[in-house]
Amino acid sequence: MKVVTTIKEMQEEIALQKKCGQTVGYVPTMGYLHEGHLTLLKQAGKENDLVVLSIFVNPIQFGPEEDLASYPRDFERDRALAESEHVDYIFYPSVDEMYPNKLTVRAIVQERTEVLCGKLRPGHFDGVATVITKLFNIVMPTRAYFGRKDAQQAAVIEGLIADFNFPITLVVVDTVRETDGLARSSRNVNLLPEERRQAPALYKSLKAAKSLIEQGEKNPPRIVEEVTRIIQTETSGKIDYVEVYSYPELKPLNFLAGRIIIALAVKFTHARLIDNLMIEID
Ligand code: AMP
């Protein structure tokens, strides 16, 4: 496994590997790896000759009041985990390497961002789309792996790949959870012990919504009401949103049909958690 810190070296290494006919699976992350990231790496390893992991906490996707400074980081731990997952390259650039000058051009995401995190985190997905455009041009992967936990991000990346004609196959991997149902997240370490005990209620509320739908419920506000009730009863977190949309368009629905997403965000003392469930309704 090689750790590469410069854009030039990463591009040269990949160009050489692709010349030899190697396919490249790419997993972009912000580090502090957990089982969710490792599942993406495992799948990339199965489907490609080479695996590239990037670790970069991208400052331009964080708002001024957000957790850029407290975002957990531990490169040596990440390096050991990546090694055990047979990663070939870790791309680990500095902020100066990625943004040496003020950007002259940046990506603006025009669809799929007026709801959920896009609405509450203005500019967040522009920052994501900008860095992913740069990273795609640096790593030039055959396939790129993203998690369904960040479903809105996956929808934005799907649009980015299609609109900007990246010759890259997007692979979206199901959410990996703790045994108690809590979606794995680097931010879970910032939960207070009592909040960590409450946090599985987020997934519990989504599962309760799913069983209501399976019993025939077609009314989106009823679903929002049930999810909200469970979170408010069982956690001390503050709900940022509980919303139901079509997926991947993220359009509101008058009644539930087709492929839908129920998504939520809840703020705890030092961590804002998101989760979602996708359901196909005939
Ligand atoms: P992050 O480091 O949080 O930016 O995440 C990097 C990638 O891992 C993103 O594509 C996430 O959607 C994905 N990911 C994060 N948590 C999970 C999880 N619990 N299950 C599956 N994928 C995840």
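All ligand and atom numbering here is 1-based and tracks the order in the structure.
Between Ile168 and Phe136, some side-chain heavy-atom pair lies under the 4.5 Å cut-off. Within the 4.5 Å cutoff, the side chain of Tyr241 has heavy atoms near those of the Leu116 side chain. The shortest side-chain heavy-atom distance between Leu120 and Arg272 falls under the 4.5 Å cut-off.
Note: no N/O pair closer than 3.5 Å links Ser185 and ligand 1 by distance alone. Residue contacts with ligand 1: Pro28 is placed with no nitrogen or oxygen under 3.5 Å of a nitrogen or oxygen of the ligand (distance criterion only). Between Thr29 and ligand 1, no N or O atom pair is found at a separation short of 3.5 Å. When only interatomic distances are considered, the shortest N/O to N/O separation between Met30 and ligand 1 falls below 3.5 Å.
For atom 12 (O) of ligand 1, the closest non-hydrogen atom of the protein is Asp150 OD2, 2.6 Å. For atom 10 (O) of ligand 1, the nearest non-hydrogen atom of the protein is Gly147 N, 2.9 Å.
The aromatic ring centroids of Tyr92 and Phe75 lie less than 6.0 Å from each other.
For ligand 1, the atoms closer than 4.0 angstrom to any heavy atom of Arg184 are 16 (N), 17 (C), 18 (C), 19 (N). For ligand 1, the atoms closer than 4.0 angstrom to any heavy atom of Phe146 are 10 (O). Every atom of ligand 1 is numbered from 1 in the order shown, and the set under 4.0 Å from a heavy atom of Gly36 is 18 (C), 20 (N). Atoms of ligand 1 lying under 4.0 Å from at least one heavy atom of Tyr71, given by number and element, are 3 (O).
Remark: the Tyr145 side chain and the Gln43 side chain contain no N/O donor-acceptor pair separated by less than 3.5 Å. Side-chain contact, Glu195 with Thr269: a donor N or O sits under 3.5 Å from an acceptor N or O.
Contacts between Val27 and ligand 1, counted as non-hydrogen atom pairs separated by less than 4.0 Å, are absent for every part of the residue.
We find that Arg259 and Glu280 are joined by a salt bridge, their nearest charged nitrogen and carboxylate oxygen being less than 4.0 Å apart.
The shell of residues lying under 4.0 angstrom from ligand 1, judged by heavy atoms, excludes Leu33.
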